[in-house]
Amino acid sequence: MSSSFAKNAIVLGLLSAIGPFAIDMYLPALPAIASDLQASTAATQMTLMAFFVAFGVCQIVYGPVSDMVGRKPPLYFGIVVFALGSIGCGLAPSIAWLIFFRFVQGLGAAAVMVIPRAVIRDLHTGVDATRLMSLVMLVFSVSPILAPLVGSGLIVPFGWRSVFAAVTAASILSFLLVAFVLPETRPPEERVEVSVRSVLDGFGELFRDWRFLGLTFIGGFGMASFFAFLASSSFIYMGHFGLTPTQYGLTFSVNAIGFIGASQFSAYLASRFGITRVVSVAVTCFTVATLALFAVTAAGVDSLIVLVVMLFIANAWLGLVIPSTMVLSLEDHGPIAGMASALGGTLQMITGAVMIVVASAFFDGTAMPMVATIAVCAVAAFILTRMTLRSGKAAPQLAE
């Protein structure tokens, strides 16, 4: 593997991790935030939804802009906005202000989610793109593994506001990486003139591409299942099962390890069996695992060990789905990769935000509403996979 390939994977992974870092690191703080700001569980969960809505909707702006002016300028802008939002979160005097500044954070974080995916498409296609995407996700995965542990390590001695000081420091590091390490992968001769008409035409092309939409929502419902877990897990693990913030961070990391470990096999499996076949099998197994968890929970089994182990299995299959569907959805849209990445990211984040609302609306302190929401997402992904990957257009397999 070339040094530039590894360097790009590290830089893009670290940039992509900024948004999730801002989520995962403060998950152990949610009960403390609710107590300190005298907010309900539902209101505290809205700080997640506000972030996801901004995070999703604003990708649709950053993508076309990066096709027009290059990848780096919108990254600079997004990181600065993210840093300002992080400072505001750390100083928020009420839950309403925290929700507002989480929204601002999401506005900036959208840039570091959508643009790295476009950079991958600039550099590679096919299995090489899947390999780079998997490596990016390996670096990106430091967030769900370490962020809750770091967050709990800060919360206990310094309080929940210290989490946002750490997130601000991470944004400064991101700015330096973009300035001095990340190459510009969209040279002037490849940039497109973006106008309202061209943006509408580009989005119209994408909305008419049923394969693009199907792949986007397959990955989107997979991600939404994890968002439902994010919104509820700290209250379930700490409130219902009585874990400490540090124990919660360790338990959360177990699920992340399953996702990360499996994702590293996606390129190898794609080169051997074809990306579409990998997605089809992985979604099927993910659905079986989540339905089994739903059945066990509905039968009255209320065990932390059972919940963690079965989520570990489900998320391992999900680790094969997310990077592969991202690559497949962008494969036919190289000239408007930023726009395609933006629309895909927006649709996925909105799907995730809706599932957070659903999980929050039915939350009763037990695991059942979360498990049911995850199962619904898996079934939706399964149905879309059967519809999308059986079409004639999806038949060709990507080879190295």
Side-chain angles (χ1 to χ4, degrees), residues 52 56 130 206-232 255 258-259 262-263 266 269-270 273-298 310-311 313-333 340-341 343-362 368-398:
F52 281 129
T130 304
L206 293 168
F207 275 116
R208 290 190 298 271
D209 186 342
W210 290 107
R211 182 170 183 260
F212 168 81
L213 292 174
L215 289 162
T216 293
F217 280 109
I218 291 167
F221 277 108
M223 293 174 66
S225 71
F226 196 65
F227 292 167
F229 172 77
L230 292 178
S232 303
N255 292 313
F259 180 93
S263 70
S266 58
L269 294 173
F273 301 108
I275 299 180
T276 57
R277 187 177 302 173
V278 170
V279 171
S280 182
V281 172
V283 170
T284 300
C285 293
F286 171 62
T287 305
V288 170
T290 56
L291 288 176
L293 175 59
F294 174 76
V296 167
T297 306
M310 296 190 76
L311 283 175
I313 295 170
N315 285 325
W317 290 111
L318 191 59
L320 296 175
V321 176
I322 302 299
S324 300
T325 52
M326 284 181 180
V327 168
L328 280 174
S329 67
L330 298 180
E331 194 69 26
D332 297 332
H333 300 287
S341 178
L343 180 60
T346 294
L347 294 175
Q348 290 178 340
M349 291 300 127
I350 290 175
T351 304
V354 169
M355 288 304 161
I356 287 176
V357 173
V358 171
S360 300
F362 291 96
M368 189 62 197
M370 178 186 75
V371 168
T373 304
I374 291 172
V376 168
C377 291
V379 170
F382 176 79
I383 293 171
L384 284 170
T385 300
R386 304 298 289 179
M387 294 172 59
T388 303
L389 299 186
R390 282 196 165 190
S391 67
K393 194 173 181 182
Q397 301 293 309
L398 298 173

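When atom types are taken as modelled, the side chain of Thr388 and the backbone of Thr385 share no donor-acceptor pair closer than 3.5 angstrom. Using modelled atom types, one side-chain atom of Gln348 and one backbone atom of Thr216 make a donor-acceptor pair closer than 3.5 Å. Judged purely by atom type and a 3.5 angstrom limit, Ser232 has no side-chain atom pairing as donor or acceptor with the backbone of Phe229. Under a 3.5 Å cut-off, the side chain of Thr297 and the backbone N or O of Met368 do not form any donor-acceptor pair.
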Open item on the list: Between Leu215 and Leu389, does the side-chain contact (heavy atoms from CB on, under 4.5 Å) criterion hold? Intermediate values first, please.
Closed with: CA-CA 8 Å; Leu215 289 162; Leu389 299 186; 3.9 Å; yes

TODO: Step by step, work out the side-chain contact (heavy atoms from CB on, under 4.5 Å) result for Arg277 and Leu269.
DONE: CA-CA 9 Å; Arg277 187 177 302 173; Leu269 294 173; over 6 Å; no

Open item on the list: Test side-chain contact (heavy atoms from CB on, under 4.5 Å) on Phe273 and Val281; report intermediate values, then the result.
Closed with: CA-CA 11 Å; Phe273 301 108; Val281 172; over 6 Å; no

Open item on the list: If you apply the rule side-chain contact (heavy atoms from CB on, under 4.5 Å), what do you find for Asp209 with Leu213, and how did you get there?
Closed with: CA-CA 6 Å; Asp209 186 342; Leu213 292 174; 6.0 Å; no

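Between Leu318 atom CG and Met223 atom CE the span is 9.0 Å, to the nearest 0.5 Å. Considering CG of Leu291 and CZ of Phe286, their distance stands at 9.5 Å, rounded to 0.5 Å. Atom SG in Cys377 sits 12.5 Å away from atom CZ in Phe226 (nearest 0.5 Å). The CD1 atom of Ile383 sits 9.0 Å away from the CZ atom of Phe221 when rounded to the nearest 0.5 Å. Between the CZ atom in Phe382 and the OG atom in Ser280 there is a gap of 7.5 Å [rounded to 0.5 Å].
Inter-residue side-chain proximity for Phe362 and Thr373 is flagged as unmet; no heavy-atom pair is nearer than 4.5 Å. At a threshold of 4.5 Å between non-hydrogen side-chain atoms, the residues Ser225 and Met355 do not count as touching. Side-chain contact between Ile374 and Leu311 is present, with at least one heavy-atom pair separated by less than 4.5 Å.
Summarising the geometry of Ala359 relative to Ala228, their closest heavy-atom pair is CB-CB, 4.3 Å, with the distance given to 0.1 Å. Heavy atoms only, all atoms of each residue included: Leu206 and Phe212 are closest at O-CD2, 3.7 Å. The heavy-atom pair separating Thr290 from Ala378 by the smallest distance is OG1-CB, 3.1 Å. Smallest separation of non-hydrogen atoms from Val279 and Ser324: CG2-CB, 3.5 Å.
When each of Asn315, Val321, Ile313 is checked for a side-chain contact (heavy atoms from CB on, under 4.5 Å) with Trp317, only Ile313 meets the rule.
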